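Structure first, commentary second.
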Amino acid sequence: MEQTYEAAYAELKQIAAEIENESVSVDVLAEKVKRASELIAFCQKKLRSTEQEVNNIIKQMETKTTPS
Amino acid sequence: MEQTYEAAYAELKQIAAEIENESVSVDVLAEKVKRASELIAFCQKKLRSTEQEVNNIIKQMETKTTPS
Amino acid sequence: MEQTYEAAYAELKQIAAEIENESVSVDVLAEKVKRASELIAFCQKKLRSTEQEVNNIIKQMETKTTPS
Amino acid sequence: MEQTYEAAYAELKQIAAEIENESVSVDVLAEKVKRASELIAFCQKKLRSTEQEVNNIIKQMETKTTPS
Amino acid sequence: MEQTYEAAYAELKQIAAEIENESVSVDVLAEKVKRASELIAFCQKKLRSTEQEVNNIIKQMETKTTPS
Amino acid sequence: MEQTYEAAYAELKQIAAEIENESVSVDVLAEKVKRASELIAFCQKKLRSTEQEVNNIIKQMETKTTPS
Amino acid sequence: MSEFHYIKLSELIQKVEDTLRNTFGNEQYWIIAEISGHKFYANNDRHYFEFIEKSETSNDPITKIRGVSWVSGSQRIKLFEQETGQLFTNGIQVLVKVKIEFHKVYGMQLVMQDIDPSFTLGNLELQRRETLHKLATGFPDIIQKVGAEYFTRNKKISIPPVIQKIAIIGSPNSEGYIDFTHTVSSNLFGYKFSIDIYQSTVQGGDAEFELINKLIAIHESGKAYDCVVIIRGGGAKSDFLVFDKFKLSLAIAKFPIPVITGIGHHNDVSIVDMMAHTSTKTPTKAAEFIISHNRQFEEELLILQKAVVIKSQQMLSVQMQRIHLANTTIVNQARTYINFHKDSLTGLHQIITNNTKSILYALQTNLVHLLNQMLSQPKITTASRQNELNNQINNLKVFSQKFIINQKGFVNHYISLINMMKPDNILKKGFAIIAQNGKIISDSENIKKGDELTITMEKHIISTTVNSKIEQDGTNI
């Protein structure tokens, strides 16, 4: 999955806007929602991993910094 | 059934308009109404299946998302 | 009876117009009136059957739709 | 590590500004934070060593100066 | 050390001004402080030797002048 | 007999003025103070010497001073 | 020899004595004379001298007589000396009261009864004024009088900062000389001097020329004297007249080496004092002046030395403070600077940490928002589609019913129309159908009188024959 969060989020927002404007036909609605759910899943995974990573880095920084 | 909801709904609307405008002859009225009922049936089926599909996706999303 | 409602109704309208304009001679009036009453009978029958048919279809539609 | 404090500090400030403006995408956020943590570690090390050095020089100066 | 007090003091002032204006980078701070400490040591040595000389003259003056 | 009271006094005054104006650098201060003390010593010695002795002092001074 | 008439010397002298006594008796006279050949015997308090009167043109005496002052006269002389500050001595002009005394052995002499100090004073003062006037007016390049002061060439010479080589004019045996040399050589400060004595009498008639000669000798010696000191006297009163002399005064005024006087004058200032560079009252004072002059120089040296030392110390102390300040500045500033950077780093650290967290939080929030949208919006969409469908069903129903009703209406319209036109209904309204030969006639043109017509009415059919035929103009209906 070479996808970026930015791209995924942009697509997700696009889908949300389309659905909100009811400019999505019933024919593709399920498909769109499916795509959205995938994008959300991807974004959340990415966010969680980033959060985890950032937390680890911050924790390291703090252990390094605090005794000084 | 390669028919789309959009097309079906458009035809349905067309029929309703024709009937409203009384541009339908009595000879074909029953036929038109029949056609409309078929279209409605198709649309409802389509709607239901879409709804079902969407609900499934949402259910999946919720199970994935809620614990986070 | 391969006659259509449209044709029947048209003929009826024609007769009515003729009678109304008094362009029908009394000698053919009875004949015209006879024809007209036949046409009326046809139309009424057709209308009734169409109504029946339509009502049935709508009833079916409603029974299908309402519980959903 | 031929890096200078100035360069490191400038880069760090740049990263901080980017993060403060939320102009960093999630895709590179972890990377940026990691880079920032490295830069902070480098700067702190450099500062500590400079402080140590300066303190030593000052101590030497004081031992030289006080008896006069 | 062919250095003059004037030159040393001027350099010292320059360094002090630089450090005061924070126009010295952390990278060269220790170096600058070291240089300053050398200059201070040099200046103090020079001042002390001059003072000693002046004091000697005062002592001579006193021994010469007092008995008269 | 080049060294006279007048010359010594003038030189001494010159030195005093220079030092007073702080136009003497620390680098030459000791030298100047030394010279001043020599001039005073010369005058004082000369004041307390007979003509013969004065001539000797001046002769000595000249041998000392000329090469400088 | 006996023929000669002679008397004894004593007889003659007796006659002279008698004549003098008869002529002058005890008469006393105020006379003006100059004193010469003066001797004073302190043990019996007697003055012996001569009164002389000089020619106006030459210095030679034209009259001369012995004078004496006994104890009473001597007391007057003492008062005179006290009052004038001038010794009763050779060369002074006096106004004295005398009586003539004759002694057979010693001859005639004038016994001084009284002396008028004011005459001598006036006389001396007159001479002084004349001399001063001559000096002040005759030599403008040497002497200028400004106010009461006389500025002489000698005064304009600056004394060297230290006086060490001294030429003394005076008498080496005099108290003044001893005082001077003693004071000079035994000075507290240990200053050494080189002193040449130019011996000269400082009183009496020849003193003026001797003094001038000594000045010339000093000048011609070629030695670089720092000053010339003229001294005289000591405790005793002296004769100052020479120091008011014109030539000596002029010589002093133009002498190229500064002249310091110490001529033992308490009450008055001589012209020489006025012309000299510096005048002091006594030789000791002159010596003290020289020592204090040198001392002043040495003190100036010491003041300068002190200034040099103090200023040097100040300078050094200021520099020390400056260095110390620079040191403090550098130390504090370096620490401040490091701390500033530490704080900056901490700040950046915090910004990065906090903002990263808030970025993630915001993103999470956004995502949740989108998720919620996804959860709700599709249902809304399908529901609204469902509504639309339902509407359409309703439309169909309503429109179809309306459509059929309308159609029914149209058909009904025709029904009533046709019904109205049915022959039965027409007959019911009183209309009749006329037929001829079984054919319904609607056009009455061809009907002629006598034609057989069948009239069909609602209830009956009537057969009839035509009786008449007239035009119908609408008025008879």
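Keep in mind that this is a model prediction, so the values were computed, not measured. Chain letters run A, B, ... following the sequence lines, proteins first, then strands; residues in each count from 1. The figures here come from the full heavy-atom set of this structure, side chains too, leaving out hydrogens, waters and symmetry mates.
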Legend entry - Euclidean distance, Ile19(D) CD1 relative to Ile351(G) CD1, rounded to 0.5 Å: 9.5 Å
Legend entry - Spatial distance of atom OG (Ser23(D)) from atom CD1 (Ile359(G)) [nearest 0.5 Å]: 8.0 Å
Inset, instruction - Check whether any side-chain heavy atom of His349(G) sits under 4.5 Å from a side-chain heavy atom of Leu12(D), and report yes or no. - result: no
Legend entry - Spatial distance of atom CD1 (Ile40(D)) from atom OG1 (Thr353(G)) [nearest 0.5 Å]: 6.5 Å
Inset, instruction - Look at Val54(D), Leu29(D), Leu39(D), Ile57(D) and state which one has the largest set of heavy-atom pairs under 4.5 Å with chain G. - result: Leu29(D)
Inset, instruction - Could you check if a side-chain atom of Asn355(G) sits within less than 4.5 angstrom of a side-chain atom of Val24(D), using non-hydrogen atoms only? - result: no
Inset, instruction - Flag yes if more than 12 heavy atoms outside Glu31(D) fall under 6.0 Å of its CD atom; otherwise flag no. - result: no
Legend entry - Which portion of Lys32(D) sits near chain G, non-hydrogen atoms under 4.5 angstrom: neither
Legend entry - Ile338(G) versus chain D, the contacting section by heavy-atom distance below 4.5 Å: both
Inset, instruction - Verify the neighbour count for atom NZ of Lys306(G): are there more than 12 heavy atoms of other residues, nucleotides or ligands below 6.0 Å? - result: no
Inset, instruction - Calculate, to the nearest 0.5 Å, the distance between atoms NZ and CG belonging to Lys13(D) and Leu345(G) respectively. - result: 11.0 Å
Inset, instruction - Step through the shown structure and confirm whether more than 12 heavy atoms of other residues, nucleotides or ligands are within 6.0 Å of NZ on Lys46(D). - result: yes
Inset, instruction - Grab the two heavy atoms, one from Leu47(D) and one from Lys342(G), that are nearest each other, plus how far apart they are. - result: CD1-N, 3.5 Å
Inset, instruction - Rounded to the nearest 0.5 Å, what's the gap from CG on Asn354(G) to CD on Glu20(D)? Could you check? - result: 10.0 Å
Legend entry - Residues Tyr9(D) and His341(G): side-chain donor-acceptor under 3.5 angstrom: no
Legend entry - Inter-residue atom distance Gln14(D).CD - Leu348(G).CG, 0.5 Å rounding: 11.5 Å
Legend entry - Lys156(G), NZ: over 12 other non-hydrogen atoms inside 6.0 angstrom: yes
Legend entry - Atom of Ala36(D), atom of Ile352(G) and distance for their closest heavy-atom approach: CB-CD1, 3.5 Å
